[in-house]
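Each chain gets a letter, A, B and so on, in the order the sequences are listed, and its residues count up from 1.
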2 protein chains.
Amino acid sequence: MEVRNRYVATRRHIEGAPTEADFEVREETARWSPDSGEVLVRNLYLSIDPYQLNRMKRSSASHLAVDGILPGQRIAAYAAGEVVASASPEYAAGDVVAGVLGWEDYTLFRPSPAVLMSKVDAAAVFPLSHHISVLGTSGMTAYGGLFEVCKPASGEKVFVSAASGSVGSLVGQFAKLAGCYVVGCAGTKAKVDLLKDKLGFDDAFNYKEEPDLKSALKRYFPDGIDIYFENVGGEMLEAALANMNTYGRVALSGVISEYTGSRRRAVPDLLEVIYKRITIRGFFAWDFLPKFAEFNAAIGEWVRQGKVQVIEDVSDGLESVPSAFAALFSGQNVGKKLVKLA
Amino acid sequence: MEVRNRYVATRRHIEGAPTEADFEVREETARWSPDSGEVLVRNLYLSIDPYQLNRMKRSSASHLAVDGILPGQRIAAYAAGEVVASASPEYAAGDVVAGVLGWEDYTLFRPSPAVLMSKVDAAAVFPLSHHISVLGTSGMTAYGGLFEVCKPASGEKVFVSAASGSVGSLVGQFAKLAGCYVVGCAGTKAKVDLLKDKLGFDDAFNYKEEPDLKSALKRYFPDGIDIYFENVGGEMLEAALANMNTYGRVALSGVISEYTGSRRRAVPDLLEVIYKRITIRGFFAWDFLPKFAEFNAAIGEWVRQGKVQVIEDVSDGLESVPSAFAALFSGQNVGKKLVKLA
């Protein structure tokens with residue numbers, strides 16, 4: 001079987017903030033045969049995540065953990081789709097799957113324990129999009145980062161930056177369910193309102209209206225911060241460290257303000273880290289792969305009970321991938337950014 | 001009982017590198033009475049530690065954990081001494097103690113669980129000085145930082161900065177006993193030779209002769225660093241992070257290069273921390289207080305068997321405290337800096 005496959009590729013390595021012009025939609029013919037051992041998937045929802053920018057750089061620490069992306073190449077990405085043809089006994093045409101596919105119409109994959117892929121229950125109560133947001137890597141990052149890395153105790157004070165984003169919006173809600181006091185920050189009034197009115201954060205603020213982040217955090221956390229879920233980097237990390245309590249924990253999930261190289265990087269006060277015995281731990285979703293099913297069972301139950309609101313920001317069509325991706329770095333998205341394919 | 005007590009005090013808050021002129025020796029009369037509940041100790045060995053500089057600043061993150069030092073005040077410090085008079089049933093004249101005493105001839109203390117003080121076995125095989133070096137807070141920092149914070153596995157690669165210092169010289173030896181590959185750095189050829197020839201480090205280098213610390217560490221750790229025991233800060237931390245392996249651990253014990261504010265502070269690449277899932281943990285000796293006896297039993301056994309060499313750098317007389325302390329910041333000491341009182 002042959003299908004015409006359109007895919008999004010970078011035109012060049014990207015070193016600063018991405019723009020639509022950095023990308024192009026290319027075409028190829030994808031060939032599947034019954035003796036290939038491969039599964040052909042028609043993609044339905046694509047996950048648009050900030051970390052992909054690091055893969056697009058010529059060099060980045062991320063290349064140590066995730067393959068770099070070469071200009072012109074197909075771009076692997078978390079996505080959900082429907083099996084069109086399968087040469088593997090594990091999958092059949094019509095199966096719906098979520099896992100590592102790509103920014104493209106069709107993806108061929110070869111089932112292996114090394115490939116993150118799971119079948120989505122067709123009778124499930126959740127919209128398909130949830131499987132690449134709250135039940136995908138965003139949920140895994142939020143749940144694992146909060147519960148495994150930060151180990152929150154009831155009553156602890158939790159600060160979440162980029163709190164209206166795909167991960168932050170979940171972290172804050174999970175922390176509330178763990179009995180914590182939660183404050184988030186975001187970059188617009190609408191986002192701040194969302195955090196307080198819809199997502200149940202105890203408080204929230206617009207960091208762009210705070211000339212002094214250290215003082216702002218002191219105001220929002222008069223008793224200090226026990227847990228900082230870090231998605232931003234730069235000055236925000238410095239301000240959070242200055243306001244952290246003894247034995248504070250920083251889960252380092254992303255540092256979006258440092259990805260584009262346009263803002264100054266964090267110069268953490270290491271004396272704060274020593275004397276407050278702070279732990280800063282970097283991690284990412286794949287670390288929790290062995291617990292994926294366990295996490296999703298817990299998260300799914302919360303969603304089912306209406307205890308967790310899922311915010312998804314959906315664009316339409318493969319050609320919208322570049323603009324959707326670029327928008328992540330100008331703070332235009334709310335919640336999980338997805339692209340729905342026709 | 002009244003004794004004339006000489007003590008070392010700061011003349012002013014110290015913000016940069018300390019000099020002898022920042023200190024003075026003052027006198028007071030210390031009064032002990034049989035109904036005071038207090039114990040009067042004649043100090044014999046004083047511990048001279050870099051962290052004290054942070055206490056001497058007008059403001060510092062260290063003040064959150066350890067009292068700041070006001071000009072003219074007595075300066076609490078780890079020390080060993082002999083009980084001269086006791087109004088506590090727990091101590092008797094002639095007992096030898098080690099714990100929090102002060103940079104002074106005599107210290108009065110009131111026994112309490114909050115005061116770190118232990119009786120030293122008079123029949124012990126160790127010189128008294130060992131009780132404030134390898135069996136004091138330096139040993140506790142090194143042992144706890146390595147085994148509790150870093151959890152080394154046999155065969156792991158360990159980098160120790162300020163490796164000829166009070167803590168670093170022990171960390172490296174402990175890590176060798178744990179089966180690790182250990183490289184240290186120091187600031188003179190004599191120190192480097194000491195690390196390799198006497199302390200059993202697998203390798204060592206003079207950081208002052210390395211124009212590019214990242215390349216230097218790449219040379220010394222072609223397979224990457226698993227554990228970095230950080231005593232320095234600044235560029236050294238950046239270079240270590242750049243060379244760390246996945247799941248690397250950084251024990252943040254001290255950042256002497258950042259204490260004086262004269263060198264630039266570390267701007268860690270947070271992408272390295274995320275993608276290599278590095279944990280950076282601040283700690284200090286007091287965190288391990290509940291395990292003090294356990295640690296010292298293990299350390300003492302190694303010293304007794306000759307498996308750990310104890311390097312002590314002893315100055316004579318209370319009036320040498322200021323110069324001994326200032327010398328810590330110009331890299332003049334080797335091993336644990338102590339002052340022996342007459």
Check your understanding: Of the backbone (N, CA, C, O) and the side chain (C-beta and beyond), which part of Val250(B) lies under 4.5 Å from a heavy atom of chain A, both, or neither?
Key -> neither
Practice item. To the nearest 0.5 Å, tell me how far Ile274(B) CD1 sits from Glu258(A) CD. Key: 8.5 Å
Review point. Taking atom CG of Leu64(B) and atom CE of Met244(A), what is their separation to the nearest 0.5 Å?
Key: 13.0 Å
Check your understanding: Atom CG of Leu271(A) and atom OH of Tyr51(B): how far apart are they, to the nearest 0.5 Å?
Key -> 13.5 Å
Point to revise | Any Asn54(A) side-chain heavy atom under 4.5 Å of Tyr275(B) side chain | key: yes
Review point. Considering only heavy atoms, which portion of Ser253(A) lies under 4.5 Å from any heavy atom of chain B: side chain, backbone, both, or neither?
Key: backbone
Review point. Taking side chain as C-beta onward, heavy atoms only, is Val267(A) less than 4.5 Å from Arg264(B)?
Key: no
Review point. Mind checking whether Ile278(A) and Phe283(B) have side chains closer than 4.5 Å, heavy atoms only?
Key: no
Point to revise | Leu237(B) vs Leu270(A), side chain to side chain contact (heavy atoms under 4.5 Å, CB included): CA-CA, chis, key distance, verdict | key: CA-CA 10 Å; Leu237(B) 176 57; Leu270(A) 299 175; 3.8 Å; yes
Practice item. Output yes when a side-chain donor or acceptor of Arg277(A) lies under 3.5 Å from a complementary backbone atom of Gly282(B), and no otherwise. Key: no
**Study point:** chain B contacts, top residue of Glu230(A), Glu272(A), Arg265(A) (heavy-atom pairs, under 4.5 Å)
**Key:** Arg265(A)
**Study point:** Straight-line distance of Arg281(B) CZ to Ile280(A) CD1, nearest 0.5 Å
**Key:** 12.5 Å
Practice item. Find the distance between OG (Ser62(A)) and NZ (Lys276(B)) and round it off to the nearest 0.5 Å. Key: 12.0 Å
Check your understanding: Counting only heavy atoms not in Asp67(A), do more than 12 sit closer than 6.0 Å to its CG atom?
Key -> no
Point to revise | For chain B, the option from Ala266(A), Gly254(A), Ser60(A) that forms the most heavy-atom pairs under 4.5 Å | key: Ala266(A)
